[in-house]
Amino acid sequence: MPSMDENTDILQWGLEPGDAIAFHFLTLHAAEGNSHMEHRRRAYSIRLLGDDMVHAPRAWKTSPHFPGLQKELKAGAPMDHRLFPVLWTSTRPNRSQGGNGVVVAQTDTKTTVPR
């Protein structure tokens, strides 16, 4: 990761309950701690995968963690698994990969309780 200094552009938004942001999976992102003792901070993330995605097992514990997935889905296999439901199917094929335009998702919900 490149170093950040005073010349680095840092974008931020003041979010209200019900607001949402969307960004690329590899975008460096963070949130300030929850300083409101009477409110919980809840986060919901969804990862959308194209029809050209294949299973790429990792040696470390991923977030979210998928215990046993490596036994059920071989490395390099399409993401055809109950943990990755199909959300949408295009009638137009993915021209670059010859895929069928399927979009699958995996979700993760987190609640942060103030300390």
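No donor-acceptor pair closer than 3.5 Å links the side chain of T27 to the backbone N or O of H29. Without hydrogens or angle criteria, H55 side chain to M79 main chain gives no donor-acceptor distance under 3.5 Å.
Counting only residues at least two apart or on different chains, the side chain to side chain donor-acceptor pair (under 3.5 Å) pairs with a member in residues 76-86 are E72-H81.
For D5, the side-chain contact (heavy atoms from CB on, under 4.5 Å) test picks out N7, T8, with sequence neighbours left out. Scanning for side chain to side chain donor-acceptor pair (under 3.5 Å) contacts around Q70 gives an empty result, with sequence neighbours left out.
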Contacts under 3.5 angstrom, residues 13-23 side chains, donor-acceptor by atom type, not counting sequence neighbours:
unit_1, atom_1, unit_2, atom_2, d
D19, OD2, E16, N, 2.7

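Of the inter-residue distances, the one linking F84 atom CZ with L69 atom CG reads 5.5 Å to the nearest 0.5 angstrom.
Both L49 and L83 are assigned to one and the same hydrophobic cluster, defined by single-linkage of ILVMFWY side chains at heavy-atom distances under 4.5 Å.
R47 has its side chain within reach of P64: a pair of non-hydrogen atoms, C-beta onward, lies under 4.5 Å apart.
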